Amino acid sequence: MPTLRPRVVGFIFLVATAILGSGCRDDTAIRVFAASSLQDVLPAILDSYAETDDGVTFEVQYGGSQALATQIELGAEADLFLYANPQQVERLTTQDLVSAQRPLVTNSLVVVLRSGAPIETFADLGRPGLRIAIGAPEVPVGALTQRLLAALDPALAAAIRANVVTEDPNVRVALSRVDLGEADAAFVYRTDAATVSDLAILDLPVAVAPNQYVGAVLRDADPDAAVLLDFIAGPVAAPIWRSAGFAVPGTP
């Protein structure tokens, strides 16, 4: 399979609120590790929480859920882990690195298309010569893509796989391939597709269960991390999730 030169190396970092100091980590901040697909919605949720807790600060690190779990295994300091697939935290739970967890929201898979790409229907993704970007199979969006391909007609699935030119470490890298013209199509979450206005979207021809996002309070976390997780999973945050395109179980 041909591969593209990676354009993004490492993690995407974001400080959700101003943190005092001269480059050193603020030991009073709540440290959050979050899946890359949350980087547009989570700041709004954290801002809303900050209105209830004057003076609270956050340190947020975004990346692929698997990579973030590996960092935690290796000793990275974090209080809260918001991940895109429950399988990613099972390994942390078995190592007694998680003290509590809660289901959050779900996110569905779609295909985004480069402007001008010769694709009108989902079946066109199997046309020879197309360039398709997907997530690596070990990351949640990649695992979801593999479940979709397994549910398709085998001939179409094989033709689509033959067009895959890159398996990326997180959904935002896959999305960027289409946005930058490095791929004709990419399998991404619906919420990520909505962040780029000029990309066409193809829905899936078969139903595939969406990915379930879960929040986990890590062992020895700041006590406020559990309170923050309750807020993220609660009724105040629900409209923010929905406005970003996530589905909130138990709500309209």
Side-chain angles (χ1 to χ4, degrees), residues 1-14 34-43 62-67 84-85 106-152 156-208 210-211 213 243-247:
M1 178 185 72
T3 57
L4 296 177
R5 181 175 58 85
R7 300 192 74 262
V8 178
V9 178
F11 298 120
I12 303 169
F13 293 92
L14 170 70
S36 295
S37 50
L38 299 180
Q39 62 185 285
D40 291 303
V41 65
L42 186 57
Y62 296 98
S65 293
Q66 187 213 23
N85 190 314
T106 61
N107 205 353
S108 56
L109 190 70
V110 298
V111 180
V112 291
L113 307 177
R114 175 183 58 82
S115 177
I119 301 169
E120 296 183 0
T121 69
F122 190 90
D124 289 338
L125 295 173
R127 294 175 57 179
L130 289 180
R131 302 165 300 161
I132 297 176
I134 64 174
E138 64 270 17
V139 301
V141 72
L144 186 57
T145 301
Q146 293 303 321
R147 294 205 300 272
L148 167 68
L149 293 175
L152 296 176
L156 176 57
I160 292 174
R161 288 191 175 99
N163 285 335
V164 172
V165 295
T166 178
E167 295 182 347
D168 291 312
N170 64 65
V171 67
R172 284 308 176 94
V173 178
L175 178 67
S176 74
R177 303 292 190 188
V178 176
D179 194 29
L180 296 171
E182 296 177 349
D184 300 302
F187 288 80
V188 301
Y189 291 124
R190 183 175 296 278
T191 55
D192 294 284
T195 66
V196 184
S197 60
D198 60 345
L199 297 182
I201 297 175
L202 281 179
D203 287 316
L204 308 182
V206 296
V208 179
N211 269 358
Y213 288 66
S243 68
F246 292 87

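Note that these values count all heavy atoms, side chains included, but never hydrogens, waters or copies made by symmetry. Note that the structure is predicted; figures quoted are calculated from it, not measured.
- Evaluation of the salt bridge (Lys or Arg N to Asp or Glu O under 4.0 Å) rule for D203 yields R190 as partners, not counting sequence neighbours.
- Across all non-hydrogen atoms, the minimal contact from P43 to L38 is CD-O, 4.1 Å.
- In this structure, L199 and R114 have side chains that are not in contact, with every pair of non-hydrogen atoms separated by 4.5 Å or more.
- Every residue meeting the side-chain contact (heavy atoms from CB on, under 4.5 Å) condition with T121, not counting sequence neighbours, appears here in chain and number order: A123, D124.
- You'll find the side chain of V111 reaches within 4.5 Å of the side chain of F122, heavy atoms only.
- S65 approaches A35 most closely through the heavy-atom pair OG-CB, 3.6 Å.
- In this structure, the separation between OG on S36 and CG on L175 is 11.0 Å, given to the nearest 0.5 Å.
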Mind listing the side-chain donor-acceptor pairs of residues 130-141 below 3.5 Å, one per line with the distance, residues two or more places apart or on another chain?
residue: R131; atom: NE; partner: D184; partner atom: OD2; Å: 3.4
residue: R131; atom: NH1; partner: G181; partner atom: O; Å: 3.2
residue: R131; atom: NH1; partner: E182; partner atom: O; Å: 3.3
residue: R131; atom: NH2; partner: G181; partner atom: O; Å: 3.2
residue: R131; atom: NH2; partner: D184; partner atom: OD1; Å: 3.2

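- Applying the side chain to side chain donor-acceptor pair (under 3.5 Å) test to every pair with at least one member in residues 191-200, sequence neighbours left out, gives these pairs: N107-T191, R172-D192.
- Note that the CG atom of N163 and the CZ atom of R161 stand 12.5 Å from one another [nearest 0.5 Å].
- L149 is listed as a side-chain neighbour of I160, based on a closest heavy-atom distance under 4.5 Å.
- No side-chain heavy atom of F187 sits less than 4.5 Å from a side-chain heavy atom of V171.
- Within the 4.5 Å cutoff, no side-chain heavy atoms of V112 are placed close to those of V196.
- Proximity of L204 to L109: side-chain heavy atoms (C-beta onward) are separated by under 4.5 Å at one or more points.
- The ring-ring contact (aromatic ring centres under 6.0 Å, His included) test applied to F246 returns Y213, W241, not counting sequence neighbours.
- No side-chain heavy atom of D168 sits under 4.5 Å from any side-chain heavy atom of N170.
- Here R147 pairs with N211 under the side chain to side chain donor-acceptor pair (under 3.5 Å) rule; sequence neighbours left out.
- No side-chain heavy atom of L42 sits under 4.5 Å from any side-chain heavy atom of Q39.
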